[in-house]
Amino acid sequence: MRIVALTNETKQDILKNLLKRSPGQYPEYETTVQEIISQVRKDGDQALITYSKKFDGCELDADSMRVTEQEIEEAYAAYDPELIAVMKRAHDNIEEYHKKQIRYSWIDTKDDGTILGQKITPLEKVGVYVPGGKAAYPSSTMMCVIPAKVAGVDRIVMMTPPGKTGVINPGILVAAKICGVTEIYKVGGAQAIAALAYGTETIPKVDKIVGPGNIFVALAKKAVYGNVSIDSIAGPSEILVLADETANPRYVAADLLSQAEHDELASAILITTSRELAEKVSEEIDVFVKQLSRAEIIQKSLDKYGYILLAKSMEEAIDVANDIASEHLEIMTASPYEVMTKVRNAGAIFIGENSSEPLGDYYAGPNHVLPTNGTAKFFSPLGVDEYIKKSSIISYSRNALREAHTDIEKFAASEGLTAHANSIKVRFEGE
């Protein structure tokens with residue numbers, strides 16, 4: 001793995017290289033995505049049937065598009081009981097964590113008769129996209145569905161691509177059953193996003209679409225945003241490790257590779273103040289790559305977007321980590337909590353050598369649907385907040401309005417909005 005001395009020039013080059021991975025950098029796919037969306041809006045179910053045959057090699061009709069309760073039960077019955085037990089424990093951890101994010105409505109009253117507040121309302125219908133192509137992720141099912149359930153969403157519509165025989169990955173169905181989802185459709189890709197955004201004869205239009213997917217899914221979510229809400233436009237996975245001379249090089253190497261195996265576009269970066277650690281990590285990576293099943297993908301990822309950066313100080317290392325704003329950030333230093341307080345930008349922060357990234361992917365409880373491509377500077381992990389909306393509550397007594405009406409009329413008049421001013425003024429015409 002390449003070792004690079006950290007300078008302002010190398011930092012800018014790396015940031016520029018990482019941005020190439022953004023879904024917004026693939027305009028050649030946007031025309032295809034727009035065509036798919038238009039066709040689904042026009043032909044509904046028939047377009048979904050056509051695209052399933054074209055992209056998934058699967059023969060479906062409107063009746064077989066929805067996963068039956070029997071299919072879910074059969075998948076559950078045939079699944080490894082020990083893995084089901086693990087998934088249930090993970091479910092409980094994820095649910096417990098997200099219950100701490102619940103927001104409540106509130107009302108504030110004053111003696112003059114002013115009542116102000118905020119009403120929290122769960123979204124009515126949410127679409128959850130779960131990838132099922134090159135790799136299927138039951139864990140993503142749980143991460144998207146559990147906070148929606150905790151928030152109180154009435155209807156969760158899951159979309160996931162089928163195999164050529166029309167069968168959904170059994171792990172996804174098992175995770176859906178554990179989470180309490182029964183409405184699942186065998187539709188993937190941009191066409192699934194279009195169906196959720198506009199509705200078809202079989203699939204309902206939803207209020208919001210969440211969940212990760214490939215470049216076509218990401219661009220489709222971007223295209224339908226505004227007609228529905230979305231969580232974010234996810235890019236390839238990424239990990240950044242901040243480490244000093246106290247870090248275990250074998251642990252660091254293993255953790256970097258845990259994300260590099262996702263995708264050829266995945267990014268794995270170590271920033272360290274120790275050249276000795278850098279060299280040892282590079283050596284460990286070479287050993288690991290020869291042993292791992294997805295070695296070809298890992299190597300391409302490391303060649304394109306893998307870096308070991310040598311910083312002059314931990315302060316410099318933290319500054320660069322904040323500039324990169326990685327999806328996953330691990331801290332393996334002598335004082336990891338002190339370093340953590342200086343981190344502004346990261347999707348999820350893993351503290352200490354025993355808190356490796358897959359802990360967050362599967363089990364600990366925090367969500368693994370995270371901001372990528374530097375968007376951790378302004379986006380947060382998927383959570384309960386994504387599944388609620390807030391309404392303001394305003395109630396004034398006549399006495400309270402009397403105290404404020406001239407201020408409001410003056411403010412409205414200053415903007416030339418005389419009808420605004422008048423709607424207040426008429427209430428005091430006789431005074």
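A quick note: this is a predicted structure, and the numbers were derived from the prediction, not measured. Numbering starts at 1 and runs along the sequence shown.
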- prompt: Within a radius of less than 6.0 Å around OH of Tyr337, do more than 12 heavy atoms belonging to other residues, nucleotides or ligands occur?
  reply: no
query: Between Asn345 and Ala325, is there a donor-acceptor pair closer than 3.5 Å when you use the side chain of the first and the backbone of the second?
result: no
- prompt: Just checking, is any N or O donor in the side chain of Thr68 or Glu71 under 3.5 Å from an acceptor N or O on the other one?
  reply: yes
- prompt: Between Gly306 and Arg2, which heavy-atom pair has the shortest distance, and what is it?
  reply: O-NE, 2.8 Å
- prompt: Does some side-chain heavy atom of Ile324 sit less than 4.5 Å from a side-chain heavy atom of Leu15?
  reply: yes
message: Using a 6.0 Å cut-off, check whether atom NZ of Lys110 has over 12 heavy atoms from anything other than its own residue.
response: no
task: Taking the side chain as every heavy atom from C-beta outward, state whether Lys149 and Ile156 have any atom pair closer than 4.5 Å.
output: yes
- request: Go through Tyr396 and Asp112 one step at a time and tell me if the side-chain hydrogen bond (donor to acceptor under 3.5 Å, both in side chains) criterion holds.
  value: CA-CA 8 Å; Tyr396 266 48; Asp112 65 359; over 6 Å; no
query: Does Asp45 offer a backbone N or O that forms a donor-acceptor pair with the side chain of Glu201 under 3.5 Å?
result: yes
query: Below 4.0 angstrom, N of the basic side chain to O of the carboxylate: do Lys11 and Asp323 qualify?
result: yes
- prompt: CE/Met142 to SG/Cys179 distance, rounded to the nearest 0.5 angstrom?
  reply: 4.5 Å
- request: Using only heavy-atom distances, determine whether the side chains of Glu357 and Gln259 contain a donor-acceptor pair under 3.5 Å.
  value: yes
query: Do Ser267 and Ile239 have side-chain heavy atoms sitting under 4.5 Å apart?
result: no
query: Around atom CG of Asp111, are there more than 12 heavy atoms of other residues, nucleotides or ligands at under 6.0 Å?
result: no
query: side-chain hydrogen bond (donor to acceptor under 3.5 Å, both in side chains) between Asp244 and Thr333: does it pass, once the steps are laid out?
result: CA-CA 5 Å; Asp244 61 16; Thr333 62; 4.6 Å; no
Heavy-atom pair with the smallest gap, counting every atom of Ala400 and Thr114: CB-OG1, 3.4 Å
- request: Specify whether Phe350 and His328 have parallel, tilted or perpendicular ring planes, treating 30° as the upper limit for parallel and 60° as the lower limit for perpendicular.
  value: tilted
- prompt: Between Thr375 and Asn373, is a side-chain hydrogen bond (donor to acceptor under 3.5 Å, both in side chains) present by the stated rule, with each step listed?
  reply: CA-CA 6 Å; Thr375 60; Asn373 277 110; over 6 Å; no
statement: Residues passing the salt bridge (charged side-chain N to carboxylate O under 4.0 Å, His left out) test with Arg402, sequence neighbours excluded, are Glu431
query: Counting distance only, does the side-chain N/O of Thr372 pair as donor-acceptor with the main-chain N or O of Gly235 below 3.5 Å?
result: yes
statement: Between Pro162 and Val187 the two heavy atoms that sit nearest each other are CD-N, 4.3 Å
- prompt: Backbone N or O of Lys164 within a donor-acceptor pair of the Asp56 side chain at under 3.5 Å?
  reply: no
query: For Tyr363, does its backbone N or O pair with a side-chain atom of Asn93 as donor and acceptor, under 3.5 Å?
result: yes
field: Nearest heavy atoms of Met332 and Val252, plus distance in Å
entry: SD-CG2, 3.6 Å
message: Tell me whether Lys53 is salt-bridged to Glu59, with the criterion being a basic N under 4.0 Å from an acidic carboxylate O.
response: yes
task: Kindly give the heavy-atom pair with the smallest separation between Glu35 and Tyr51, and that separation in Å.
output: O-OH, 3.9 Å
message: Looking at Tyr362, I want to see if its OH is surrounded by more than 12 non-hydrogen atoms of other residues, nucleotides or ligands under 6.0 Å.
response: no
- request: Check whether the side chains of Ser64 and Asp61 place a donor and an acceptor atom closer than 3.5 Å, and report yes or no.
  value: yes
- request: Could you tell me whether Arg41 atom CZ has more than 12 heavy atoms of other residues or ligands within 6.0 Å of it?
  value: no
- request: Find out whether Ile269 and Leu18 are in side-chain contact, i.e. whether some heavy atom of one side chain is under 4.5 Å from a heavy atom of the other.
  value: yes
field: Side chain proximity check, Lys221 to Asp231, heavy atoms < 4.5 angstrom
entry: yes
task: Would you indicate whether Phe428, at its atom CZ, is surrounded by more than 12 heavy atoms from other residues, nucleotides or ligands within a distance under 6.0 Å?
output: yes
query: Got a donor-acceptor contact below 3.5 angstrom from the Asp263 side chain to the Pro236 backbone?
result: no
message: Counting C-beta onward and ignoring hydrogens, is there a side-chain heavy-atom pair between Met1 and Val281 closer than 4.5 Å?
response: no
query: So, Glu327 versus Ser237: side-chain donor-acceptor pair below 3.5 Å or not?
result: yes
query: Do Leu6 and Leu310 come within less than 4.5 Å of each other through their side chains, counting heavy atoms only?
result: no
message: Donor-acceptor pair, distance only, cut-off 3.5 Å: does the side chain of Ser52 make one with the backbone of Leu48?
response: yes
- prompt: Do Val145 and Met158 pass the side chain to side chain contact (heavy atoms under 4.5 Å, CB included) test, and can you show the C-alpha distance, the side-chain angles, and the key distance before you say yes or no?
  reply: CA-CA 9 Å; Val145 171; Met158 184 184 294; 3.9 Å; yes
task: Would you indicate whether the side-chain heavy atoms of Ile394 and Leu116 approach each other to under 4.5 Å?
output: yes
message: With a 6.0 Å cut-off (strictly less than), is the heavy-atom count around CD of Glu9, excluding the residue itself, greater than 12?
response: no
message: Looking at Glu429 and Lys425, is there a salt bridge between them, counting it only when a charged N and a carboxylate O are closer than 4.0 Å?
response: no
- prompt: Side chains of Tyr307 and Asn17: do they bring a donor and an acceptor to under 3.5 Å?
  reply: yes
query: Which heavy atom of Glu386 sits nearest a heavy atom of Ile230, and at what distance?
result: OE1-O, 4.4 Å
query: Would you find a donor on one side and an acceptor on the other, under 3.5 Å apart, between the side chain of Glu95 and the backbone of His91?
result: no
- prompt: Less than 4.0 Å between a side-chain N and a carboxylate O, is that true for Arg103 and Asp385?
  reply: yes
task: Report yes or no: does Arg66 contribute a side-chain atom to a donor-acceptor pair with the main-chain N or O of Thr202 at less than 3.5 Å?
output: no
message: side-chain hydrogen bond (donor to acceptor under 3.5 Å, both in side chains), that's the test. Do Lys119 and Thr121 meet it? Break it down for me.
response: CA-CA 6 Å; Lys119 182 176 182 291; Thr121 307; 3.0 Å; yes
Show every donor-acceptor pair shorter than 3.5 Å between a side-chain atom in residues 415-422 and any protein atom, with sequence neighbours excluded, or say none if there are none.
none

- request: Verify, without hydrogens or angle tests, whether Thr272 (side chain) and Ala243 (backbone) share a donor-acceptor contact under 3.5 angstrom.
  value: yes
